[in-house]
Amino acid sequence: MSEVRCLNCLKRFSVNAGADEAACPYCKTRYRISWPRQDQPKIRGLVEKSR
Amino acid sequence: MVWKRRIAYINLTTGKIISKPIPKQLRQLYLGGRGINMYLLYNHLTPEVDPLSSENILLVGTGLLCGIPALGSGRCDIAAKSPVTGAIGDSNIGGFFAPELRLAGFDHLMISGKAEKPVYLLANDGNIEIHDANHLWGKDTFETQDMIRDDVKDEEVKSLVIGVAGENMVRFANVRTGMKNSAGRTGMGCVMGSKNLKAIAARGTMDIEFSHPDELLDYCKQMNDMITETRWARAQSKWGTLIIYSNTNTTGLIRTRNFQLNRLEKGEDLEPENMDRYTIGMSGCYGCSVHCRHRYVLKEGSYAPIFAEGPEYTSLGAFGTMVDCNKMETVLVANHLVNKYGLDTLETGGLIAWAMELYEKGIIDEKDTAGLKLEWGNEEILFQLITQIAHREGFGNILADGFNTAISKIGKGSEYYAIQIKGMSSLHSDERPTPSLALGICTSTRGADHLRGRPAIDLYGLPQEMLQEIYGAPVSSDYTAYEGKSRMVWWQELLYAVTDAIGTCKFQTVFCAVHAPKWTEFKNLIQLATDMKFTESELMDVGERIYTIERMFNLREGFSRKDDALPERYFKESTPTGLPIAKGKKIDRNGFEKMLDEYYVLHGWDHNGSPKKETLERLGLDKEPSHIV
């Protein structure tokens, strides 16, 4: 499990390994996720705006 | 030893070249790089000279730690009075030139006068020669470097060069080296062009001796581990500075359509992950363990084939969001064009986006633009304007003089739409939700800029205890707040001034990475490399001295508090989109002025931003100009 920082509420939350989407459990913002390294997720963009 | 490196005085009018040692006293006060350059500029430039006259001086300086195998220590500082702003002109460039200049025996060059015909300088093992450059005039920045290597018959020659933009004295022409590196800001390429100086080349085989080489090597290894363990460096080594786009465009912190929007809808193609389609590998500058530079190939399209390096986050904004182009390939072509011609990416993109908004609003029309329809998202118009600017053709000739002149020529309320401070455009970040970042672009001594004092880690919402530990006093964790933000900007200004003076990369200090080397590590590196001893507090004083002498230069040129001002749009227009944290935000005027007051107090400056007598005495600046060299 690795973490990213929510860009809206700035709280850290866990992302399942290899997941390509994740939602902030605090403010519910949904993100697309990419992985610059296997153990390091990164927010790529918003789910809502890209679909 | 570092102490053996000399300063060369080169008069292009007379052809006279002399060199002198750099006194240790000056090193203790200003270290090197930007620090000594700023001292020289204040001491040797006659006030109020025309930046394009032969009386302007051009300074080139390597950092004090140039050549250590860590932290991207190959940075070079280039300075002069800026033809963009009339204020401090100063720009920093990575790559491999600075170590080569140091190997050739020189740490600083002070170039005055104007050559009768195009020339280039060649520094080689303690000597400097002036060479004819007629055959290089008209060549682009890549060709020029190749031809100098052919001239000298040495593949290891490194050069600082200008392109046709510099030759044509486009006011924001840059200086380039290698495939990727640019001293982009404040028009230093224009100053070179005004002196008929096409390039400065260096080749050296003289040893650089450090005081405690074994311990220094061990410590450099620690520094490289320290930086490569940060999340920032790990992501940067995969996708470069493009990774910033994911955060800013998702949040709503990126200027779009000049200043009309704060995120690019349908901007997915600009996400860094899409560079994988074009990237053939990553490369780095001297002494760098991160390697943030994409090397890419563009095989199709009207400008193909292109083999280049970049783009940076700055390019995504300048040729993506700002002009509403949402294709990565557009950015890659534009990036290549500005690099080839030798133009500042930010100024070029900022001016074109401004012109597009003026066209949209009917302030200019096709009669003004010689038939060009400056429509948002039109990549061909973008490429045409870049080319026109570099060659001073058509409407590009108006933009080529920068905001100050273009505003006066166009008039009709165009100034309101110009996102510039002190006459220079800024990074395409939208600072309306972030007061600290807004303050930083205002107080920057070289005009609107993010690399002078940006507290980028403010965006992380770090715990207050951590912020207090870094900044030494309470700072709000909320990046939309105003409390403590002046302290962040002040502290970062001092840190970046010292970073530029020791010649390491800003991305390898506390810029975007929280747990990166800073004061303690810098003082240790300086001691191991040179035997000069500083406390952290003394090193901060060096940063204060550098920043204050820059301020003194600007005050002497007529700048004051009135110029530390945001464009009116920051106060009047709220951000229309983005995540809830960033949407509906504008800068509060009273909050901003209070931040500015606090910021002046932290520097020891008065209400108008003039250094107080006791500040000058504390920093030894009451003796300036002292002409130590």
Side-chain angles (χ1 to χ4, degrees), chain A, chain B residues 228-240 242-254 263-276 282 290 292 326 433-434 457-464 467 476-481 512 514 577-583:
Chain A
M1 298 284 274
S2 305
E3 292 185 328
V4 294
R5 190 190 306 278
C6 174
L7 296 176
N8 185 47
C9 70
L10 305 182
K11 292 180 179 146
R12 284 194 172 278
F13 64 93
S14 297
V15 179
N16 290 327
D20 57 10
E21 284 188 12
C24 171
Y26 307 102
C27 71
K28 314 302 180 197
T29 307
R30 289 191 66 81
Y31 297 105
R32 287 176 292 120
I33 302 292
S34 66
W35 296 79
R37 290 162 53 105
Q38 277 191 342
D39 59 348
Q40 186 178 331
K42 164 190 158 298
I43 288 174
R44 180 171 181 164
L46 285 175
V47 170
E48 291 88 339
K49 298 291 182 186
S50 64
R51 301 289 159 88
Chain B
T228 52
E229 283 169 11
T230 64
R231 292 169 65 92
W232 158 254
R234 288 173 172 187
Q236 205 189 10
S237 66
K238 171 85 172 167
W239 288 312
L242 302 186
I243 54 175
I244 301 169
Y245 175 84
S246 304
N247 284 9
T248 55
N249 198 52
T250 302
T251 310
L253 297 173
I254 191 164
R263 71 183 302 267
L264 180 64
E265 298 291 340
K266 297 180 182 170
E268 288 86 350
D269 200 55
L270 300 186
E271 289 169 359
E273 290 79 356
N274 292 321
M275 265 309 284
D276 293 349
M282 302 297 283
V290 177
C292 71
N326 61 2
T434 54
I457 61 171
D458 196 14
L459 295 174
Y460 301 160
L462 297 169
Q464 278 200 313
L467 290 171
S476 173
S477 289
D478 176 2
Y479 72 63
T480 67
C512 290
V514 181
T577 183
L579 294 173
I581 194 172
K583 187 176 179 181

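Chain letters run A, B, ... following the sequence lines, proteins first, then strands; residues in each count from 1. As the structure is a computational prediction, the values presented were derived from the model and not from experiment.
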Quiz prompt | Under 4.5 Å from any heavy atom of chain A - which part of B/Y460 | solution = both
Self-check item: Shortest non-hydrogen contact from B/I581 toward A/N8
Solution: N-OD1, 3.1 Å
Quiz prompt | Partner of A/L7 under side-chain contact (heavy atoms from CB on, under 4.5 Å), chosen from B/T250, B/L253, B/T248 | solution = B/T250
Quiz item: Considering all heavy atoms of both residues, which atom of B/L459 and which atom of A/L10 are nearest to each other, and what is their separation?
Solution: O-CD2, 3.7 Å
Quiz item: Which bit of B/N247 comes within less than 4.5 Å of chain A, counting heavy atoms only: side chain, backbone, both or neither?
Solution: both
Practice problem: Please test B/R234 against A/D39 for side chain to side chain contact (heavy atoms under 4.5 Å, CB included), starting from the C-alpha separation and ending with a verdict. | Solution: CA-CA 11 Å; B/R234 288 173 172 187; A/D39 59 348; 4.1 Å; yes
Quiz prompt | Which portion of A/R37 sits near chain B, non-hydrogen atoms under 4.5 angstrom | solution = side chain
Quiz prompt | Gap between atom OG of A/S34 and atom NZ of B/K238 - 0.5 Å precision | solution = 9.0 Å
Self-check item: Where A/Q40 and B/A235 come nearest, the two heavy atoms and their spacing
Solution: NE2-CB, 3.9 Å
Self-check item: A/K42 to B/S246 - nearest heavy-atom pair and separation
Solution: NZ-OG, 2.7 Å
Exercise. Check B/R263 against A/L46 and note the closest heavy-atom contact, atom names and distance.
Key: NH2-CD1, 4.4 Å
